[in-house]
Amino acid sequence: MNQSLQEWYDKNEDRVRALMHDIWKHPELGLKEHYSSRAAADFAKQEGFQVELCAAEDFNNPEAEPNTVIATWGNGKPVIGIVGELDALPNLGQESVPFHSPIEGPGHGCGHNLMAGGAMAAACALRYAMEKENLSGTVKLVEAPAEETGCGKSLLAENGVFSDMDMALMWHSGPGKLSFDPRPGQVAFRVKFEFFGKAAHAAGYPYKGRSALDAVQLMNMGCEFLREHTQRHVLIHYCITNGGVAPNVVPGYASSLYMFRADDDFDACNDACQRAIRVAQGAAIMTDTEMKYEIESVVPKFYLNVPLCGYAYEAAQKIPPLTYNEEDYEAAIALYKNLHPDEELPENRNELLPVEYIPYSYKPSDHCSCTDAADMSYYCPTMHYWGLGKVKDAAGHHWNTTYCASNGIGEKAGIYGYKILAQTGYDALTNPEIVEKCWEAYREQNIPPHPTFKEM
């Protein structure tokens, strides 16, 4: 690892882990990351960055409550973008214990606090190396909101946040070894449906009512039948967000939230969404209600940059290996036993708690993931790689991830994952050919203009 980068980490790793844990203790939902954005901004200011706090959804309003950090240091090209995330998930609050001990409210069940701290560390270490070695260029840190709702980076992209970057670099925790292979992205639409009927006494005057809940249920049933007639890689998820207030009142209002996904296929996802909209229209006709829908966000096709993935793999070979201590392994053992009480504990510690990376194959992975990091790929070479920071066979969006994100299991992986990206950025600053090759591949992809949900 570059000596200057290592020097910064040697001096500041404890501070980074404190930032990760501070954000973990203050979990906030998408576009509500007010505490965590300010905590990250304070850290970046202490490290000499020029810092802008803003609200992604009201970008040019200085009075808006902030949820995003944009921090820059240096000037000129290349611009190395390092990106983290801030938001938590609803109903995944969890005590820092290896068994289910819920806390009311949101929790970092996807480990975004690790990304926030890891990205901060990588940007600060890179700034330190640039200053010490008199390197020209710019490091640009973005701590982004609302990944879970799929709109955060889309909003930032539409306001030019990624337009000046020469590369955008991200890591995400995962229940296995670190993989640099290009991973196709799931296209996703998030759509809110509302039905407006007529309330009435459910016993005395039901014939005067028009049940909005009936419409929601008929739509759900229609979409269950629709599943048979969508392509195999299309997924439909939904939940009822408002089903009325009392069983003896015909609901005059009801609503649901849908997500449509398709593996790396915008047209298939859009087709499923449009057909579901027609199902909703039919449900409204059947129940004599009115229907409104709003496309809240769209995660577009992800154009991963293959050379950039390869350069990150080369950088990984320069980084000291990830190591855990006995306390970390004891925590992982306790967690695994609680998650899988009927299974034998893996004999190999590295199988229980992975620390390695997979040799790079330059071939697209057969596993798709969904992230609004896709929005960045329309503006610059982008990579987003996954792995480490979880125990074997651990589900995501689950209390176990919240727990791992609170201690050394996740924190050490987050620091390690972004150390690799700090080295990747350093290599790009000192070897112009890296940036040239990434842009050459970007241009060969013939990436279309960035789509926005406002155009749907």
Side-chain angles (χ1 to χ4, degrees), residues 12-47 49 51-58 63-71 82-98 100-124 141-149 151-153 155-156 170-173 331 372 389-390 396-415 417-418:
N12 294 284
E13 186 166 328
D14 288 344
R15 291 177 60 221
V16 174
R17 290 187 62 178
L19 176 64
M20 289 175 170
H21 198 70
D22 188 26
I23 293 174
W24 182 88
K25 289 192 300 183
H26 298 87
E28 298 165 303
L29 297 178
L31 301 180
K32 303 294 183 184
E33 302 92 333
H34 309 313
Y35 179 93
S36 52
S37 61
R38 288 192 171 96
D42 289 344
F43 195 110
K45 288 175 184 176
Q46 292 170 18
E47 290 292 315
F49 281 81
V51 177
E52 176 187 0
L53 271 166
C54 62
E57 75 281 18
D58 198 3
E63 303 301 320
E65 190 78 8
N67 53 34
T68 304
V69 180
I70 303 169
I82 299 176
V83 184
E85 291 170 356
L86 298 171
D87 58 321
L89 283 159
N91 301 322
L92 282 181
Q94 163 73 18
E95 298 279 358
S96 185
V97 291
H100 192 206
S101 180
I103 299 172
E104 185 177 353
H108 277 283
C110 207
H112 290 181
N113 62 308
L114 308 176
M115 301 172 72
M120 179 66 69
C124 292
L141 168 70
V142 178
E143 299 283 17
E147 187 276 336
E148 298 296 351
T149 54
C151 70
K153 295 182 195 67
L155 294 166
L156 297 180
M170 293 188 69
W171 165 87
H172 198 295
S173 64
D372 67 356
K390 296 184 179 182
H397 290 197
H398 187 272
W399 66 263
N400 83 83
T401 304
T402 311
Y403 168 66
C404 288
S406 74
N407 57 50
I409 293 174
E411 291 169 357
K412 292 177 182 178
I415 289 170
Y418 273 99

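The first residue in the sequence is number 1, and the count goes up from there.
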| request: Applying salt bridge (Lys or Arg N to Asp or Glu O under 4.0 Å) between R38 and each of E65, E33, E28, report the one that passes. | output: E65

| Hey, does M120 have a side-chain heavy atom less than 4.5 Å from the side chain of E47? | no

| said: Quick check: closest heavy atoms across R17 and I415, and the distance to 0.1 Å? | reply: CG-CD1, 3.5 Å

| Do P90 and L29 come close enough that some side-chain heavy atom pair is under 4.5 Å? | yes

| request: Please check if the side chain of Y35 supplies one atom and the backbone of P27 the other of a donor-acceptor pair under 3.5 Å. | output: no

| said: Has T402 got a side-chain atom pairing as donor or acceptor with L92's backbone, closer than 3.5 angstrom? | reply: yes

| query | Roughly how far, to the nearest 0.5 Å, is the CG atom of L141 from the SG atom of C124? | reply | 7.0 Å

| query | Does any N or O in the side chain of Q94 come within less than 3.5 Å of the main-chain N or O of S101, such that one atom is a donor and the other an acceptor? | reply | yes

| said: Taking S406's backbone N and O only, do any of them form a donor-acceptor pair with H21's side chain (distance below 3.5 Å, no angle check)? | reply: yes

| Looking at CG of L155 and SG of C54, how far apart are the two atoms once the value is rounded to the nearest 0.5 Å? | 10.5 Å

| message | Would you say that M170 contacts E85 through its side chain, given a criterion of any heavy-atom pair below 4.5 Å between the two side chains? | response | yes

| remark: Nearest heavy-atom contact between G152 and A56 is O-CB, 4.4 Å

| task | Identify the two heavy atoms, one from P66 and one from H34, that lie closest to each other, and give their separation to 0.1 Å. | result | O-ND1, 2.8 Å

| Would a distance-only check, ignoring hydrogens and angles, find a side-chain to backbone donor-acceptor pair under 3.5 Å from N407 to S96? | no

| query | Can you tell me how far CG of L86 sits from CD1 of I23, rounded to the nearest 0.5 angstrom? | reply | 6.0 Å

| What class does the angle between the rings of H172 and H112 fall in, given that below 30° is parallel, 30 to 60° is tilted and above 60° is perpendicular? | perpendicular

| From E411 CD over to D14 CG, what is the distance, rounded to the nearest 0.5 angstrom? | 10.0 Å

| What pair of heavy atoms forms the shortest contact from L114 to W171, and how long is it? | CB-CZ3, 4.1 Å

| query | Could you give the distance from CG (L19) to CG (D42), rounded to the nearest 0.5 Å? | reply | 9.5 Å

| said: Quick one, R15 with Q46, criterion side chain to side chain contact (heavy atoms under 4.5 Å, CB included). Give me CA distance, side-chain angles, the key distance, then yes/no. | reply: CA-CA 12 Å; R15 291 177 60 221; Q46 292 170 18; 3.2 Å; yes

| remark: Smallest heavy-atom separation, V69 atom then A41 atom, equals CG2-N, 4.0 Å

| query | Within the side chain of D87, is there an N or O that forms a donor-acceptor pair under 3.5 Å with the backbone of P145? | reply | no

| task | Ignoring hydrogens and angles, tell me if any N or O in the side chain of D372 forms a donor-acceptor pair with the backbone of K153 under 3.5 Å. | result | yes

| Under a 4.5 Å cut-off applied to non-hydrogen side-chain atoms, are L31 and C151 in contact? | yes

| task | Kindly give the heavy-atom pair with the smallest separation between G396 and T401, and that separation in Å. | result | CA-OG1, 3.9 Å

| message | Which residues pass the ring-ring contact (aromatic ring centres under 6.0 Å, His included) test with H100, not counting sequence neighbours? | response | W399

| task | Would you give the length of the straight line joining atom CD of E104 to atom CG of N91, rounded to the nearest 0.5 angstrom? | result | 8.5 Å

